[in-house]
Amino acid sequence: MSSPTDQLKLANSDELVSVGVEISADGFIPVVDVEGLQGPRRPQIVKQIGHACQHYGAFIVKNHAIPETVFNNFLGGATMDFFRWPEQEKLKFYTPKPGKFDNTESRKPIEYFRAYTTGENASLVRELAYVSCLIGDYANLWPSIPPSFWERVTDFSTSAKRVEFALGEAICESLGLERDYIKKKLLSNHEQKVAMNFYPARKQEDSELTCVLRDHTDPTIITILSEQNVHGLQILHDGEWMNVNLSPNHLIVLTGDLLQVLSNRRYKSLPHRVHVTCEKDRLSIATYCNPSDYATIEPAKELIDNDHPAIYKKFTYREFKDNVELAVDDARLNVFKITAAA
């Protein structure tokens, strides 16, 4: 007898095939080939992306045009190099709460953090670094950072931003909006950051333990992720946690809280987590599509009518950031809900 997970995969496979979407090796995640996004296949690819956002909250991207050398130089090169830096160098960038929006400390080009297990014999389970991609603002202020590191970060972030904009345009079109809706409304002068994660291999006696990054949604428009060697990402789909096993040089795109607002909940932010045994070192990277601080966030007027009243009121991204720590999922949006629509 097939398990509920097997039945879910079969149902998903049939559904994805019906809209012309390739299926991941896992059997349930849409895989979108975006190579023809700027050509005659665009309407079909836009439809696939919209279907994935609405029904899955995630899709895998292949042929994304980030050169393989650029991709590998950042994921396996700059990322690993940073975590191998001498302790005293990394600790210059230590930030107790990386990404904390009301941080009053001087801005750093890298925000570095460590997470440990609890208990008497605490051990390191994760290192995290947020890297600002405003290279020109920092290169001269932090001469101790090797130029090769900045070069690889710049190459990757430049390519990733092109992918981010292209996917954002396709998502807008899938909602029936103007192609540049997100770019014009939200992304003027926004700051791009990438996150680097390192989960070190455990000692043999601890190898059976698992390291879990708690369930959460992202306070973003979209998040673009990739990983190297060791898998660990899980996404919530139809009430079940499903493993995501990315192929080399592939990306996975997750819908965020702000896309949920913009789309008036047509596209919902996706709960996800990390669950790994850490028998080997695990590296992952993420790039976040966030608005400018004073951009106005609200449901697109084109998506509001008598049958679909606005669910959220208008707010600025700064106001959202001030409330982002209220919850780890889209419940952080409750403060912005319109009572009648809730």
Side-chain angles (χ1 to χ4, degrees), residues 2-16 19 21-32 48-61 99 115 125-126 128 167 171 174 195 197 199 210-227 230-247 250-278 282 284-289 311-312 324-334 337 342:
S2 61
S3 68
T5 299
D6 291 335
Q7 294 171 8
L8 176 62
K9 288 182 178 180
L10 181 60
N12 287 341
S13 298
D14 291 342
E15 180 184 9
L16 293 172
V19 293
V21 181
E22 185 180 338
I23 306 160
S24 68
D26 309 284
F28 77 100
I29 305 176
V31 179
V32 180
Q48 293 171 356
I49 289 174
H51 183 273
C53 289
Q54 183 171 3
H55 297 286
Y56 297 84
F59 56 96
I60 292 172
V61 177
V125 294
R126 180 191 181 206
L128 164 68
L167 293 177
I171 288 170
S174 73
N197 292 282
Y199 299 83
T210 58
C211 167
V212 178
L213 179 60
R214 63 181 178 175
D215 315 353
H216 65 286
T217 62
D218 285 343
T220 63
I221 302 171
I222 58 173
T223 300
I224 302 175
L225 300 164
S226 193
E227 59 188 6
V230 179
H231 305 305
L233 178 65
Q234 295 183 333
I235 65 175
L236 187 65
H237 183 64
D238 285 352
E240 289 199 42
W241 286 105
M242 311 293 285
N243 293 319
V244 177
N245 299 318
L246 287 178
S247 299
H250 283 192
L251 306 170
I252 183 166
V253 179
L254 308 180
T255 53
D257 295 339
L258 299 179
L259 182 57
Q260 178 169 309
V261 174
L262 183 152
S263 68
N264 207 32
R265 282 183 66 85
R266 283 165 171 74
Y267 299 164
K268 298 176 183 178
S269 56
L270 179 71
H272 56 285
R273 66 186 186 185
V274 175
H275 191 288
V276 294
T277 60
C278 293
R282 177 179 185 265
S284 69
I285 53 175
T287 179
Y288 304 109
C289 183
I311 296 173
Y312 302 100
V324 77
E325 292 188 349
L326 293 177
V328 298
D329 56 21
D330 67 342
R332 59 173 70 98
L333 293 171
N334 288 346
K337 273 190 174 180

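Just so we're clear, the structure is a prediction, and the values are computed from it rather than from any experiment.
C53 has its side chain within reach of T255: a pair of non-hydrogen atoms, C-beta onward, lies under 4.5 Å apart. Contact of the S226 side chain with the L251 side chain is registered, since non-hydrogen atoms from C-beta on lie closer than 4.5 Å. Contact check for L254 versus I252: side-chain heavy atoms found under the 4.5 Å cut-off. Looking only at side-chain heavy atoms (C-beta outward), L333 and R265 stay at 4.5 Å or farther from each other. With contacts defined as side-chain heavy-atom distances shorter than 4.5 Å, the pair D215/W241 qualifies.
For R282 against V274, the heavy-atom pair with the smallest separation is NH1-CG1, 3.7 Å. Residues L128 and A195 share a closest heavy-atom pair of CD1-CB, 4.2 Å.
With values rounded to the nearest 0.5 angstrom, T223 atom OG1 is found 10.5 Å from L259 atom CG. Note that the CG atom of D330 and the NE2 atom of H216 stand 12.5 Å from one another [nearest 0.5 Å]. Rounding to the nearest 0.5 angstrom, the gap separating the CD1 atom in I171 from the OG atom in S263 is 9.5 Å. Atoms CD1 and OG, on I49 and S174 in that order, are 7.5 Å from each other to the nearest 0.5 Å. Interatomic distance, Y288 OH to L225 CG, rounded to the nearest 0.5 Å: 7.0 Å. One distance of note links CD1 of I60 with CD1 of I29; it measures 4.5 Å at 0.5 Å rounding.
Partner Q234 forms a side chain to side chain contact (heavy atoms under 4.5 Å, CB included) with one of H272, R273, M242, E240 and no other, that one being R273.
Using bins of under 30°, 30° to 60° and over 60° for the plane-to-plane angle, the ring pair H237/Y56 lands in the parallel bin.
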Practice task
Begin from the C-alpha positions of I221 and L262 and carry the test side chain to side chain contact (heavy atoms under 4.5 Å, CB included) through to its verdict.
Solution key: CA-CA 9 Å; I221 302 171; L262 183 152; 5.6 Å; no
Practice task
Would you please test Y312 and Q260 for side chain to side chain contact (heavy atoms under 4.5 Å, CB included) and show each step?
Solution key: CA-CA 10 Å; Y312 302 100; Q260 178 169 309; 2.9 Å; yes
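T287 meets the side chain to side chain donor-acceptor pair (under 3.5 Å) test with Q192; sequence neighbours excluded. Applying the side chain to side chain donor-acceptor pair (under 3.5 Å) rule to H231 yields the partners E227; only residues at least two apart in sequence or on another chain are considered. The side chain to side chain donor-acceptor pair (under 3.5 Å) test applied to R332 returns T217, D257, not counting sequence neighbours.
Judged purely by atom type and a 3.5 angstrom limit, N264 uses its side chain to pair as donor or acceptor with the backbone of I311.
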